[in-house]
2 protein chains.
Amino acid sequence: MIQTVELVAKNIKRLREFKSFSQKEVCADSTIPQGQYSRIENAKVEPSISTLEKLALVFEVDIAEFFKSDDLEQEVNLPLMQKIKMIDTLAKDEQQALLKMIDLALANKRMKDNLQTLIAQ
Amino acid sequence: MIQTVELVAKNIKRLREFKSFSQKEVCADSTIPQGQYSRIENAKVEPSISTLEKLALVFEVDIAEFFKSDDLEQEVNLPLMQKIKMIDTLAKDEQQALLKMIDLALANKRMKDNLQTLIAQ
DNA sequence: TATTTTTATACATCAAAGTATATATTTACA
DNA sequence: TGTAAATATATACTTTGATGTATAAAAATA
């Protein structure tokens with residue numbers, strides 16, 4: 001299992017090389033010292049959130065992009081999100097019915113969690 | 001424009017409260033000192049990548065989840081969106097069951113739409 | 001090979017993590 | 001109710017690691 005810091009480093013380097021930037025160029029636009037940037041690409045350090053923020057601006061991506069693994073994306077949420085948007089197009093009563101079902105499922109989950117907690121005590 | 005650190009803090013706190021965990025419980029499972037966790041939720045510090053990694057494990061989400069903005073909530077109705085995020089925390093089989101129900105509702109809607117279109121012609 | 005360009009590393013400084021403790025909040029019992 | 005005990009959250013202080021600065025090493029170009 002690849003370490004997250006290395007994944008982030010690889011993604012950052014890949015983005016830079018895709019844009020054919022030198023480290024210096026990236027840093028000129030981001031106020032990150034080139035030396036620090038070098039350490040980030042080589043996973044010698046764990047870049048802070050504000051550093052990632054600066055890099056995301058330069059590369060014009062979301063920060064989340066840095067954490068995406070190469071192997072087939074676990075985009076379980078995407079299809080769900082599409083469905084959700086469609087739910088909005090349902091009639092009010094249909095929407096309510098669906099929401100009730102969701103509530104049930106979630107209540108069930110919470111109940112199980114609470115039981116777990118009790119057992120753990 | 002909301003700061004990324006604050007966004008991350010909010011997302012982390014929301015995930016914890018949904019699971020009805022105390023800070024201590026989260027920390028027991030993650031080796032993060034409770035004091036440090038408190039500072040993270042209050043955006044007093046920028047959590048490191050390895051800290052985010054530990055939290056992602058406890059909450060059973062991708063790290064990218066911490067960086068997702070609430071903007072999506074403006075596209076869809078708000079209470080629904082909150083439920084959706086909760087669905088993510090359900091077990092796989094429960095999730096599948098719920099998705100099937102959603103599919104059914106949507107298929108039904110499509111069918112009616114198609115009928116409407118036919119009638120209108 | 002000299003020069004320029006690119007990337008990496010040594011060292012000082014500041015912020016996150018770790019430890020201990022304090023403060024707040026909830027709960028249990030008289 | 002009031003209050004003691006327990007639980008939950010926040011904060012001071014030390015340690016460790018990321019950032020900032022300067023410089024060195026490596027690679028590319030002429």
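In what follows, chains are A, B, ... by sequence order, proteins preceding strands, each numbered from 1.
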Inset, instruction - Let me know the distance between NZ of A:K54 and P of D:dA18, rounded to the nearest Å. - result: 15 Å

Legend entry - Separation of atom CD1 in A:I49 from atom P in C:dA15, rounded to whole Å: 15 Å

Legend entry - Sidechain-backbone polar pair: B:R39 side chain, B:K44 backbone, donor-acceptor under 3.5 Å: no

Legend entry - Residue met sooner reading DNA chain C from 5', once B:P33 and B:E46 are mapped to nucleotides: B:E46

Name the pairs: protein N/O against N/O of nucleotides 4-14 of chain C, kept only if under 3.5 Å.
| from | atom 1 | to | atom 2 | distance (Å) |
| --- | --- | --- | --- | --- |
| C:dT7 | OP1 | A:R16 | NH1 | 3.4 |
| C:dT7 | OP2 | A:Q23 | N | 2.8 |
| C:dA8 | OP2 | A:Q23 | NE2 | 3.2 |
| C:dA8 | OP2 | A:S38 | OG | 3.0 |
| C:dA8 | OP2 | A:N42 | ND2 | 3.2 |
| C:dA8 | N7 | A:Q34 | NE2 | 3.1 |
| C:dA8 | N6 | A:Q34 | OE1 | 2.8 |
| C:dT9 | OP2 | A:K44 | NZ | 2.6 |

Legend entry - Shortest non-hydrogen contact from A:Q23 toward A:Q34: OE1-NE2, 2.9 Å

Legend entry - Stepwise side chain to side chain contact (heavy atoms under 4.5 Å, CB included) test for A:L52 and A:I12: CA-CA 9 Å; A:L52 291 176; A:I12 288 175; 4.1 Å; yes

Legend entry - Rounded interatomic separation in angstrom, taking CG from B:L55 and P from C:dA16: 15 Å

Inset, instruction - Examine A:F67 together with B:F67 and report whether their ring centres are nearer than 6.0 Å. - result: yes

Legend entry - Lys/Arg-Asp/Glu bridge criterion (N-O < 4.0 Å) met for A:K19, A:E25: no

Inset, instruction - Round to a whole Å and report the spacing from CD1 of B:I40 to P of D:dA10. - result: 12 Å

Inset, instruction - Please assess B:N11 against B:E65 for the test side chain to side chain contact (heavy atoms under 4.5 Å, CB included), listing each intermediate value before the final yes or no. - result: CA-CA 8 Å; B:N11 281 332; B:E65 196 70 23; over 6 Å; no

